Amino acid sequence: MIRVNERVLLCLSLTAAEPWPENATLYQPLKGEGFFSSSCSLYHLQTYLRMCGLPVQVVCRPNAEYMSPSGKIPFIHVGNQVVSELGPIVQFSKAKGHSLSDGLDDVQRAEMKAYMELVNNMLLTAELFIQWCDETTVSQITRHRYGTPYSWPLNLILAYQKQWEVRRKMNAVGWGGKTVDQVYEDVSQCCQALSQRLGTQPYFFKIPTELDALVFGHLFTILTTQLTNTELLERVRSYSNLLSFCRRIEQTYFESKDS
Amino acid sequence: MNTTLSLGSVQTCFKKVVCLFCSCLTSCCRCQTLRRARERSTLSCDCHGVLHEGGLVVVTLATVRAPFSRRAESRTTCHKGLKRRPVAMGAVHAKSMDPLPMHGKDLGVNPDDLMEHPEPEPDAKQEILENKDVVVQHVNIQGLGRTKEDLLGYEISDVFNAKNLIDVMKKAHIARQRLLRLGIFKEVEVLIDTSEGADALPNGLDVTFEVNEIKRLTGSYNTMVGNNEGSMVLGLKLPNMIGRAEKLTFQFSYGTKETSYGLSFFKPQPGYFERNLTLNMYKVTGQFPWSSLKETDRGVSAEFNFPVGPTGHMLKWEGVWRELGCLARSASFAVREESGHSLKSALSHTMSIDSRNSAIFPSSGALLRINQELAGFTGGDASFFKEDFELQLNRRLFWDSVLSASLWGGMLFPIEGKPSCIADRFYLGGPTSVRGFGMYSIGPQSEGDYLGGEAYWAGGLHLYTPLPFRPGRGGFGDLFRTHFFLNAGNLCNLNYGEGPRAHLQKLAECIRWSYGAGIVLRLGNIARLELNYCIPMGVQSGDRICDGVQFGAGIRFL
C-alpha cells in the first residue's frame with residue numbers, strides 16, 4: 001500500500017511540475033457512433049479544455065469506449081497518463097495549474113455543483129433515455145449508428161447489449177416506467193431552471209466555469225442532432241436566452257479558434 | 001466334454017495354455033500361473049515369445065473336449081521339452097489383453113512351474129485348429145440398448161472374412177478394439193463358439209460380442225483453486241446420444257472472477273471413426289499478465305478431421321467474438337489501443353504426421369505439424385494469413401539416452417493493410433520454449449507489456465538421459481528424465497515490403513539462446529513438469545530473463 005501511495009504522490013507531484021504537454025490527445029468514438037451521449041461529453045470536455053486554454057488533439061477510434069480505463073468516453077491521453085471522465089480531468093488540469101472555478105467563492109461553487117448535478121441527472125439521463133429506450137429512435141438511428149464499426153453479427157450483438165445495459169440503468173434510477181413525453185417534460189423543466197439561473201448574463205457566473213461547458217455540451221448536442229422527431233429540439237428552442245448562450249460559446253470557443 | 005478356450009479371462013480356473021502359433025499345449029495353468037504368465041505378457045510357448053504385441057492371443061484351455069470332429073491334425077514338433085499335444089477347441093472365450101503391460105516384468109515363468117499340475121490327457125478327438133479352415137457363420141452382438149446396429153456392422157464385418165481360428169481370434173480382437181474405440185461401450189467381450197442349429201456347418205463358428213453400453217449421461221464435478229481465484233467446474237457428457245457414437249459434452253466453469261463454458265458435439269462417420277465432425281460453442285476467458293491483457297472469447301467452430309495415408313488432417317472454421325481488455329489500469333497505451341471488440345472468422349487447416357512412440361518422452365520417431373490459417377476471407381474484422389509449423393526428431397543413443405531436436409517457426413501476414421491484432425501474433429520465451437527467458441517475454445514490448453511478433457522461429461536440441469544411478473528403475477524412476485538443452489529463437493516484426501532476404505537477415509540477428517540442464521517429470525501422457533537451471537544468452541534490451549532455476553509446466557515443448 002505504502003508503495004502505491006508513494007507512486008501516486010510521485011505521479012501527482014510530477015504532473016504538477018510538468019506543464020500541459022503539446023501532444024495531449026483526446027480520444028472519442030467515430031462520429032455518429034453512440035451519437036447522443038458521447039457527443040455531449042465530447043463537446044463538454046472540449047469546451048472545458050478550450051476555456052482553460054489547453055490545446056488538445058482529437059482522435060477518433062471505434063474502440064475508444066473500451067480503451068478508456070473507466071469505460072467512459074471521451075478520455076485524454078496526456079504524457080503517459082490516461083484520464084477519463086470530467087471529474088478526474090478537471091482535477092488533473094487543476095494539478096497542472098489550470099482551473100476555471102478558482103474565482104468563485106464557496107457559495108457559488110456549491111451552487112455550481114448543484115446545477116451540474118441537475119444537468120447530469122436530468123439532461124444526461126433524458127438523452128440516454130431517448131437514445132436507447134424510445135423504440136423508434138433505437139430502431140431507426142441508435143442501433144445502426146452504434147454498430148457501424150463492427151461487422152455482422154457483432155454490430156447487432158453489441159447494440160442490443162448496450163441497449164439492455166442502459167435500460168437496466170434507467171430502471172435503477174426510476175426512469176424505467178417513463179414515457180417519452182414525460183421525459184420531454186423533464187427536459188423542459190430542467191431548461192426552465194437553467195434559463196432562470198442564466199437570466200441575461202453571458203455566463204452562469206461572472207466568468208466561464210465548468211457548468212457553462214457542461215450546459216453547452218448538452219444543449220448544443222440537442223440542437224444539432226437529427227432525431228426522429230423535433231419535439232426535443234422545439235422544447236429547448238423555446239428558451240431564447242439558452243439559445244443565445246449556446247451561440248455565444250460556440251462563437252467564442254469554436255468558430256474563432258477554428259478559423 | 002467341454003472345451004473352453006479363453007483369451008486371458010481369469011474368471012474360471014484355467015488349466016491349459018495353448019500357444020497360438022504352434023498350438024502346443026504349453027502348460028497346465030491355474031489362475032495363479034495364468035496371472036504370472038499375464039504379467040510376463042507371454043502366454044505362448046517360449047519359442048513363440050511375444051506373439052501378441054497387439055494384446056491378442058492368450059489361450060487357455062479349461063476342460064477339453066473334441067467339438068470338431070475327427071479331422072484331427074497332429075503335429076510333432078515340440079518346443080523346449082514341452083510336450084506338444086493336439087488341441088481341441090470348442091468355445092473360445094475372448095477378452096482383451098490391453099491392460100497387459102507391453103514390456104512388463106519378466107517374472108520368469110518357467111516351464112517346469114507351468115507343468116506342475118499336469119492335466120490328465122483328454123482322452124480323444126483333439127485337434128489343432130490353427131491351420132484349419134473355419135467359416136464364421138454368425139456374428140452376434142448382445143447387450144445393445146440405444147446403439148444402432150448398422151453402426152456396428154462396419155466395425156465387425158471383417159470377422160466374416162476370417163479363414164482359420166487364429167484369424168477369427170485376431171479379427172475378433174481387432175473388431176473388439178474398434179468397438180471400444182467408439183467410446184460407447186464400457187466393456188466388450190468376445191465369445192467364439194461352434195455354430196449350432198440346423199444350418200450349422202461342421203466347421204462353422206459363431207462369434208458373439210457381449211457389449212455393455214456406457215450410461216446415457218455421465219457427469220463430473222471439480223473445484224479448482226488457482227492464483228487468487230477459485231472456480232467450480234461442472235461437466236456433463238452424453239455419449240452415444242443418438243445411437244451412432246455421437247457425443248455431446250458440456251462443461252461449465254463458474255469462478256470468482258469469470259465464467260466460462262463449452263458445448264461440443266462430436267459425430268464420427270459410421271465405419272470410419274477417424275473421419276469425424278466436431279461442432280463447438282464456447283466462451284473462454286484468458287488472462288495474459290505478460291501483456292497486461294485479458295481476453296474473452298465467445299465463439300463457434302466446426303472441425304472436420306480425416307486421415308490421408310499416414311497423415312492426419314483437420315479442416316476448421318471458427319468464428320470468434322473477441323473482447324480484449326486491460327488487465328490493470330497500469331497497462332501500457334499500446335495494449336490499451338488494442339482493447340475492444342473484434343470478430344474473427346477464420347478457416348484453418350492442420351496437417352500432422354506423428355511417428356513418435358510416446359508424446360512426452362519419445363525415444364524414436366518424428367513429428368511434423370503444419371498449420372495454416374486464413375482469417376477475414378469469410379467475414380469478420382481480422383484479416384491475416386498465418387502459417388506455422390512444428391518439427392521434432394528423436395533418436396536413441398547409448399545407455400537409453402535420447403537425442404531430440406525440434407524446430408518451430410511461424411509467420412503472420414496481415415491482409416488489406418489492416419494491422420495485426422495483439423491476440424493473433426506469436427509469442428516466444430518461457431520454460432516451455434526458449435528456456436531461461438520469462439514467459440512470452442521476448443521481442444517487441446511497450447512499457448513492459450509484450451506485444452508479440454509477426455514472425456518467429458525457435459529451435460531446441462535436447463539430450464535426455466535416465467536419472468543418474470537410475471533410482472526406481474522400472475517404476476517411479478521412469479517418470480523422470482534428466483536433460484541437457486540448448487535452445488535458441490527469435491521473434492520480431494517484419495516489414496513485408498523488403499523481400500525474403502531481408503526477412504531472413506532480420507530473423508537471424510539478435511538471436512536469443514540459452515543452455516542448461518534439468519529434470520523432467522512426465523505427468524500422464526499429456527503434460528510434463530520441468531525444473532531447469534538455465535543460462536540465457538543473447539539477451540536483448542526489453543527481454544525478461546530468468547537466470548538460474550526455472551520451473552515450468554505445459555503440454556507443448558520445444
Side-chain angles (χ1 to χ4, degrees), chain A residues 3-8 10-12 14 21 23-30 33-34 38 57 59-85 88 92 146-162 165, chain B residues 281-283 285 291-301 317-346 375-384 415-416 418-424 445-449 451:
Chain A
R3 277 181 62 190
V4 171
N5 284 337
E6 275 171 0
R7 265 178 76 176
V8 169
L10 189 70
C11 277
L12 282 177
L14 273 178
N23 64 350
T25 319
L26 188 151
Y27 285 86
Q28 66 138 339
L30 297 182
E33 182 203 344
S38 76
Q57 189 190 347
V59 172
C60 292
R61 285 288 171 85
N63 60 344
E65 190 180 341
Y66 305 96
M67 283 166 68
S68 160
S70 66
K72 298 278 170 55
I73 37 177
F75 65 95
I76 55 169
H77 181 210
V78 182
N80 57 358
Q81 284 194 304
V82 182
V83 189
S84 69
E85 295 185 69
F92 183 75
Y146 191 79
T148 313
Y150 304 103
S151 46
W152 185 90
L154 198 55
N155 52 359
L156 293 179
I157 296 174
L158 290 177
Y160 277 105
Q161 201 181 33
K162 180 80 182 176
E165 193 183 299
Chain B
M281 197 181 90
Y282 57 85
K283 178 196 163 191
T285 310
S291 306
S292 299
L293 185 75
K294 71 171 183 244
E295 180 177 349
T296 304
D297 286 358
R298 294 173 186 87
V300 288
S301 71
W317 171 79
E318 187 176 37
V320 209
W321 162 22
R322 300 182 296 188
E323 186 181 349
L324 300 179
C326 297
L327 207 51
R329 278 186 90 99
S330 59
S332 69
F333 200 74
V335 173
R336 199 166 278 286
E337 278 183 304
E338 305 261 6
S339 307
H341 298 270
S342 67
L343 191 70
K344 178 176 104 170
S345 166
F377 185 65
T378 48
D381 308 321
S383 305
F384 61 84
I415 300 176
E416 294 169 4
K418 283 189 194 172
S420 57
C421 170
I422 192 168
D424 295 318
Q445 53 106 12
S446 161
E447 299 169 38
D449 294 335
L451 304 176

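Values in this document were obtained by computation on a predicted structure and should not be read as measured data.
- Under the rule for a side chain to side chain donor-acceptor pair (under 3.5 Å), the partners of B:E337 that lie at least two apart in sequence or sit in another chain are A:R61.
- Here A:S70 contributes atom OG and B:R329 contributes atom CZ; the two are 6.5 Å apart, rounded to the nearest 0.5 Å.
- At distances below 3.5 Å, not a single donor-acceptor pair connects side-chain atoms of B:R322 with backbone N or O atoms of B:D297.
- With a threshold of 4.5 angstrom between heavy atoms, B:S345 does not approach chain A through any atom at all.
- We find that A:K162 and A:E65 are joined by a salt bridge, their nearest charged nitrogen and carboxylate oxygen being less than 4.0 Å apart.
- Applying the side chain to side chain donor-acceptor pair (under 3.5 Å) criterion to B:Q445, with sequence neighbours excluded, gives no partner residue.
- Residues passing the side chain to side chain donor-acceptor pair (under 3.5 Å) test with B:E318, sequence neighbours excluded: B:Y282.
- By a heavy-atom distance cut of under 4.5 Å, B:G380, B:D381 are the residues of residues 376-383 of chain B near chain A, going up by number.
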